[in-house]
A.B. asks: 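I am attaching a structure below and will ask some questions about it afterwards.
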Amino acid sequence: MPVLKRSLAVSAAALVALSLTACGGSSAGQTAADNPYDLQQPGTLRAGTLTDAPPNVFLKDGKFTGFDNDLLTAVAGKLGLKVEFVGTEFSSLLAQVKTRKFDVGSSSISITEARKKTVDFTNKYDFGFLGLDVPKGSPITSFDQLPGKRVVVVQGTVQDDYVTRENLNPVRVPDYNAALNQLRAGTADAWITPAEIGEKTAGDSGGKVLAVAKQLDPGGIAYAVAPGNDKLRAALDKGIDEVVADGTWEKLQKQYYPSREIPEDFTPGSGAAAGATPSTTP
């Protein structure tokens with residue numbers, strides 16, 4: 001009888017092990033075969049983004065959308081991945097990517113040398129302009145009129161970098177809605193914002209907010225990944241080239257930025273894909 005009991009116990013253990021293997025219980029197997037990009041969840045790209053920055057990234061009818069997010073969904077599709085978007089604030093986004101709370105950051109992130117110390121970047125997939133919004137009736141019409149004025153910016157953005165570099169008087173806020181509220185309340189004289197967001201905001205304001213100027217941001221825009229996750233970064237670069245080549249990139253540009261001209265010297269992605277140079281006409 002003891003021999004029979006031991007035999008039954010060994011058989012039961014073998015069945016449990018076999019069951020766990022069949023159900024994906026072998027984490028080592030998953031890491032090697034099913035999770036080549038070292039994602040939090042195999043097959044799913046967890047993306048940190050914003051909810052309030054149209055047309056770049058925003059929440060509409062409960063769905064994350066906008067140029068950057070729709071492009072990322074298309075890129076992920078080329079890699080056989082689905083995307084799970086999670087809302088956050090820009091001021092904490094890069095740190096959350098660094099610590100791998102998110103696999104990728106998607107929020108029209110401008111590439112800067114300072115940010116490269118926190119995250120790695122994909123190839124550029126977009127360009128950007130700094131925009132200047134003011135309340136109706138303001139005498140401000142250009143960036144060179146900002147010294148001595150209270151200028152609202154979202155903390156941690158390239159616009160924040162600009163006001164610091166130019167020794168302006170910043171009002172730093174956590175998100176775009178808070179920036180707009182500062183402008184409406186008269187507690188800020190001007191708002192430096194991504195130009196597309198500023199133009200959309202002005203257009204939706206019924207004339208209460210005006211987009212009066214813009215200038216090119218030289219850094220370029222890319223997705224952010226955790227430092228050292230080279231496989232994911234390379235895969236996203238490959239996917240970006242593929243959505244440029246198949247026309248998705250240009251289609252989304254026309255959908256979200258119908259009146260924006262593309263600089264003649266800008267090429268999205270690596271430039272190696274066929275059709276990498278898009279039309280410059282809006």
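Predicted model only: the values in this text are computed from it and were never measured. Atom set for the values below is all heavy atoms of this structure, side chains included, hydrogens, waters and symmetry mates excluded.
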A.B. asks: Between CD of Gln215 and OG of Ser142, what distance do you get to the nearest 0.5 Å?
C.D. replies: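 Between atom CD of Gln215 and atom OG of Ser142 there are 9.5 Å.
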A.B. asks: Applying the 4.5 Å side-chain criterion to the ILVMFWY set and letting contacts propagate, would Phe90 and Val171 be lumped into a single cluster?
C.D. replies: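 Yes: a chain of side-chain contacts under 4.5 Å links Phe90 to Val171.
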A.B. asks: Count I, L, V, M, F, W, Y as connected when their side-chain heavy atoms are under 4.5 Å apart, and connections chain through other members. Are Leu72 and Val244 then in the same cluster?
C.D. replies: yes
A.B. asks: Phe58 vs Thr65, test: side-chain contact (heavy atoms from CB on, under 4.5 Å). Steps then yes/no.
C.D. replies: CA-CA 6 Å; Phe58 60 102; Thr65 186; 3.5 Å; yes
A.B. asks: Can you name the closest pair of heavy atoms from Phe121 and Ser110 and give their distance?
C.D. replies: CZ-O, 4.1 Å
A.B. asks: Are Phe85 and Leu79 co-members of a hydrophobic cluster defined by side-chain heavy atoms under 4.5 Å apart?
C.D. replies: yes
A.B. asks: Taking the side chain as C-beta and beyond, is there a heavy-atom pair between Ile240 and Tyr223 under 4.5 Å?
C.D. replies: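 Answer yes - side chains close enough.
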A.B. asks: With heavy-atom distances below 4.5 Å as the criterion, would you say the side chains of Tyr257 and Asp126 are in contact?
C.D. replies: yes
A.B. asks: I'd like to know if the side chain of Asp34 reaches the main chain of Gly43, judged simply by a donor and an acceptor atom lying under 3.5 Å from each other, with no hydrogens or angles considered.
C.D. replies: no
A.B. asks: Does any part of the side chain of Val75, heavy atoms only, come nearer than 4.5 Å to the side chain of Leu45, both counted from C-beta?
C.D. replies: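 Of all side-chain heavy-atom pairs linking Val75 with Leu45, none is under 4.5 Å.
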A.B. asks: So how far is it from Leu93 CG to Thr157 OG1, rounded to the nearest 0.5 Å?
C.D. replies: 12.0 Å
A.B. asks: Output yes when a side-chain donor or acceptor of Gln40 lies under 3.5 Å from a complementary backbone atom of Lys101, and no otherwise.
C.D. replies: yes
A.B. asks: Got Ile197 and Asn56 here, is their nearest side-chain heavy-atom distance under 4.5 Å?
C.D. replies: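 With C-beta onward as the side chain, the pair touches.
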A.B. asks: Identify whether Val212 and Val153 are in the same connected component of the hydrophobic contact network (ILVMFWY, side-chain heavy atoms under 4.5 Å).
C.D. replies: yes
A.B. asks: For a side-chain contact (heavy atoms from CB on, under 4.5 Å) check, start with the C-alpha distance between Arg172 and Thr164, then their side-chain angles and the critical distance, and finish with the verdict.
C.D. replies: CA-CA 11 Å; Arg172 294 183 173 92; Thr164 301; 3.0 Å; yes
A.B. asks: Verify whether one side chain among Asp68 and Tyr125 offers a donor that lies under 3.5 Å from an acceptor in the other.
C.D. replies: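 There is such a pair between these side chains.
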A.B. asks: Mind checking the CZ-CD spacing from Phe64 to Glu84? Nearest 0.5 Å is all I need.
C.D. replies: 9.5 Å
A.B. asks: Are the side chain of Asn123 and the backbone of Asp237 linked by a donor-acceptor contact shorter than 3.5 Å?
C.D. replies: no
A.B. asks: Run Tyr256 and Asp70 through side-chain contact (heavy atoms from CB on, under 4.5 Å) and show every step you take.
C.D. replies: CA-CA 10 Å; Tyr256 286 103; Asp70 287 4; 2.5 Å; yes
A.B. asks: May I ask you to decide if the ring planes of Trp249 and Phe67 are parallel, tilted or perpendicular, using 30° and 60° as cut-offs?
C.D. replies: perpendicular
A.B. asks: Any side-chain heavy atom of Val104 within less than 4.5 Å of one from Thr122?
C.D. replies: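 Result no, sub-4.5 Å side-chain heavy-atom pair not found.
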A.B. asks: Roughly how far, to the nearest 0.5 Å, is CG of Asn229 from OH of Tyr37?
C.D. replies: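 With rounding to 0.5 Å, OH (Tyr37) is 10.5 Å from CG (Asn229).
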A.B. asks: Please tell me if the side chains of Pro147 and Leu168 come closer than 4.5 Å, counting only heavy atoms from C-beta onward.
C.D. replies: yes
A.B. asks: Would you say the side-chain atoms of Asp175 pair up with the backbone N or O of Glu89, donor to acceptor, closer than 3.5 Å?
C.D. replies: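 Looks like no, no N/O pair under 3.5 Å.
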A.B. asks: Is there a donor in the side chain of Asp217 and an acceptor in the side chain of Gln159, or the other way round, less than 3.5 Å apart?
C.D. replies: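 Checked: Asp217/Gln159 side chains show no N/O donor-acceptor pair below 3.5 Å.
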A.B. asks: I need the full list of salt bridge (Lys or Arg N to Asp or Glu O under 4.0 Å) pairs touching residues 130-150, with sequence neighbours left out, sorted by first then second residue.
C.D. replies: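 Of all non-adjacent pairs touching residues 130-150, none passes salt bridge (Lys or Arg N to Asp or Glu O under 4.0 Å).
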A.B. asks: Could Glu199 and Arg260 be called an ion pair, given the rule that one side-chain N must be under 4.0 Å from one carboxylate O?
C.D. replies: no
A.B. asks: Work out which heavy atom in Thr49 is nearest to a heavy atom in Ser106; give both atom names and the distance.
C.D. replies: OG1-O, 2.8 Å
A.B. asks: Please find the pair of heavy atoms, one from Gly271 and one from Asp241, that lie closest to each other, and give the distance.
C.D. replies: N-OD1, 4.2 Å
A.B. asks: Quick one: does Leu39's side chain get under 4.5 Å of Thr44's, heavy atoms only?
C.D. replies: no
A.B. asks: Evaluate whether atom NZ of Lys78 has more than 12 neighbouring non-hydrogen atoms of other residues, nucleotides or ligands under 6.0 angstrom away.
C.D. replies: yes
A.B. asks: Could you please spell out the steps behind the side-chain contact (heavy atoms from CB on, under 4.5 Å) verdict for Val152 and Val173?
C.D. replies: CA-CA 7 Å; Val152 64; Val173 295; 3.9 Å; yes
A.B. asks: Is the side chain of Asp103 donor-acceptor paired with the backbone N or O of Arg46 at a distance under 3.5 Å, no angle test?
C.D. replies: yes
A.B. asks: Please tell me if the side chains of Lys231 and Asp38 come closer than 4.5 Å, counting only heavy atoms from C-beta onward.
C.D. replies: no
A.B. asks: Would you call the rings of Phe143 and Tyr162 parallel, tilted or perpendicular if under 30° counts as parallel and over 60° as perpendicular?
C.D. replies: perpendicular
A.B. asks: Find the distance between OG1 (Thr99) and CG (Leu94) and round it off to the nearest 0.5 Å.
C.D. replies: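 Answer for the OG1-CG pair, Thr99 versus Leu94, is 10.5 Å.
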A.B. asks: I'd like to know if Glu196 and Lys200 make a salt bridge, using a cut-off of under 4.0 Å between side-chain N and carboxylate O.
C.D. replies: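 Lys200 and Glu196: not salt-bridged.
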A.B. asks: Donor-acceptor pair, distance only, cut-off 3.5 Å: does the side chain of Gln155 make one with the backbone of Asp160?
C.D. replies: no
A.B. asks: Determine the minimum heavy-atom distance between Val83 and Thr73, stating which atoms define it.
C.D. replies: CG2-CA, 4.0 Å
A.B. asks: Do Ile221 and Ile192 share a hydrophobic cluster (ILVMFWY, side-chain heavy atoms under 4.5 Å, transitive)?
C.D. replies: no
A.B. asks: What heavy-atom pair brings Pro170 and Val163 nearest, and what distance separates the two atoms?
C.D. replies: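 Distance-wise, the nearest heavy atoms are CB-CG2, 3.7 Å.
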A.B. asks: For Val225 and Val119, which heavy atoms make the closest approach, and how far apart are they?
C.D. replies: O-CB, 3.5 Å
A.B. asks: Could you state the interatomic distance from OH (Tyr176) to OG1 (Thr193), rounded to the nearest 0.5 Å?
C.D. replies: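 Spacing of OH (Tyr176) from OG1 (Thr193) equals 5.5 Å.
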